[in-house]
Enquirer: 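Attaching a single structure in structure tokens format; questions to follow.
In this text the structure is predicted, and so the values were computed from the model without any measurement.
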Amino acid sequence: MHVKKGLLIVFEGIDGSGKTTISKLFFDHLIKMKLKVSWFREPSDSKWGQKIRELADTKSSIPINEELNYFIMDRKWDVEKNIIPALNRGEIVILDRYYFSTACYQGARGLDIKKIISMNTEFAPEHDLLFLIDVDVDTAMTRIKKGRIAEAKLFEKKDFLKKVRQNYLNLDIKNIKIIDGRNEINTVLSDVISEFDQLSLQ
């Protein structure tokens, strides 16, 4: 049994929302504040996470339930090797994607969102704060096309991202803060810091 001592801060959003950039800037901010902090991403660097990224890069496809299993196995590894140890050291853990990504993306492909979340909460620690960096899909697609030469992958197709975004907005969970990701990046970061400061003062 692990006793959670740190804070778990999750960043979520559709591709092109800017969540990775914001999560890293927030990490830098906390470092400057001389706080103990770790930054992790999902999929992780486990063999399962590597398989997930290989599938995305090669546009290969496998049965959706098999792909879901890859995400679950990768997250179990991440929880055991990265997240729990850092929390038990009393660190603030920043996660670029968590099981809500799996639920919202796989949910957009037809799987049961609540069931996926339930499967993950059996072993994954609960977040203290979840930032949903929200942008409309047109904005996201513009950013994706500007940043990448290759054709957008399945997860970046417009109609698909609309479903994913709606799944995010429909999440009925506690400690979720929706941040307008359309704003200038320093404004988005300021909004995140403000929400975090309110949490740390409670």
Enquirer: To the nearest 0.5 Å, tell me how far L169 CG sits from I176 CD1.
Expert: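 These two atoms lie 8.0 Å from each other.
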Enquirer: Please answer whether the main-chain N or O of R41 pairs with a side-chain N or O of D96 as donor and acceptor at a distance below 3.5 Å.
Expert: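 Between the backbone of R41 and the side chain of D96 there is no qualifying donor-acceptor contact (under 3.5 Å).
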Enquirer: Let me confirm one number: the CD1-CG distance from I64 to N69, rounded to the nearest 0.5 Å.
Expert: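 Result: 13.0 Å between the selected atoms.
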Enquirer: List for me each residue that meets ring pair (Phe, Tyr, Trp, His ring centres under 6.0 Å) alongside Y70, sequence neighbours excluded, and say none if there are none.
Expert: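 Y70 satisfies ring pair (Phe, Tyr, Trp, His ring centres under 6.0 Å) with W48 once adjacent residues are dropped.
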Enquirer: Should I22 and F131 count as side-chain neighbours, where that means a heavy-atom distance under 4.5 Å?
Expert: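 No, their side chains stay 4.5 Å or more apart.
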Enquirer: Can you name the residues that form a side-chain hydrogen bond (donor to acceptor under 3.5 Å, both in side chains) with D138, not counting sequence neighbours?
Expert: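 side-chain hydrogen bond (donor to acceptor under 3.5 Å, both in side chains) check on D138 returns K158.
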Enquirer: Treating R143 as the side-chain partner and S17 as the backbone partner, does any N or O pair qualify as donor plus acceptor under 3.5 Å?
Expert: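 Indeed, once roles are kept as given, a pair shorter than 3.5 Å links the two residues.
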Enquirer: Which residues pass the side-chain hydrogen bond (donor to acceptor under 3.5 Å, both in side chains) test with D78, not counting sequence neighbours?
Expert: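 Listed in chain order: N82.
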Enquirer: Quick one: sort the F160 and Y105 rings into parallel, tilted or perpendicular, breaks at 30° and 60°.
Expert: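 Ring orientation, 0 to 90° scale: tilted.
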Enquirer: If you compare all heavy atoms of D74 against all heavy atoms of S46, which two are closest, and at what distance to 0.1 Å?
Expert: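 Closest pair (atom of D74, atom of S46, distance): OD1-OG, 2.5 Å.
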Enquirer: Please tabulate, for the side chains in residues 28-39, all donor-acceptor contacts under 3.5 angstrom to protein atoms that are two or more places apart in sequence or on a different chain.
Expert:
unit_1, atom_1, unit_2, atom_2, d
K36, NZ, R89, O, 2.8
S38, OG, E91, OE1, 2.4
W39, NE1, S23, OG, 2.9

Enquirer: Output yes when a side-chain donor or acceptor of D128 lies under 3.5 Å from a complementary backbone atom of I9, and no otherwise.
Expert: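 Between the backbone of I9 and the side chain of D128 there is no qualifying donor-acceptor contact (under 3.5 Å).
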Enquirer: Out of the candidates Q106, K19, E12, E42, only one should pair with S101 under the side-chain hydrogen bond (donor to acceptor under 3.5 Å, both in side chains) rule; please name it.
Expert: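 The side-chain hydrogen bond (donor to acceptor under 3.5 Å, both in side chains) with S101 is passed solely by E12 among Q106, K19, E12, E42.
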Enquirer: In a table with atom names and distances, give each donor-acceptor pair under 3.5 Å that connects a side chain of residues 115-122 to protein atoms at least two apart or in another chain.
Expert:
unit_1, atom_1, unit_2, atom_2, d
N120, OD1, R75, NH1, 2.8
N120, ND2, I116, O, 2.8
T121, OG1, I117, O, 3.3
T121, OG1, S118, O, 3.1

Enquirer: Could you label the plane-to-plane angle of the F11 and F26 rings as parallel, tilted or perpendicular, counting under 30° as parallel and over 60° as perpendicular?
Expert: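 Rings of F11 and F26: tilted, 30 to 60°.
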Enquirer: Would you say the side-chain atoms of R53 pair up with the backbone N or O of P43, donor to acceptor, closer than 3.5 Å?
Expert: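 Yes: the side chain of R53 pairs with the backbone of P43.
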Enquirer: Would you please name every residue forming a ring pair (Phe, Tyr, Trp, His ring centres under 6.0 Å) with F100, sequence neighbours left out?
Expert: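 By the ring pair (Phe, Tyr, Trp, His ring centres under 6.0 Å) rule, F100 matches H127.
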Enquirer: Taking a hydrophobic cluster as the set of Ile, Leu, Val, Met, Phe, Trp and Tyr residues connected by side-chain heavy atoms closer than 4.5 Å, whether directly or through intermediates, do W77 and F123 fall within one such cluster?
Expert: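 No: no chain of side-chain contacts under 4.5 Å links W77 to F123.
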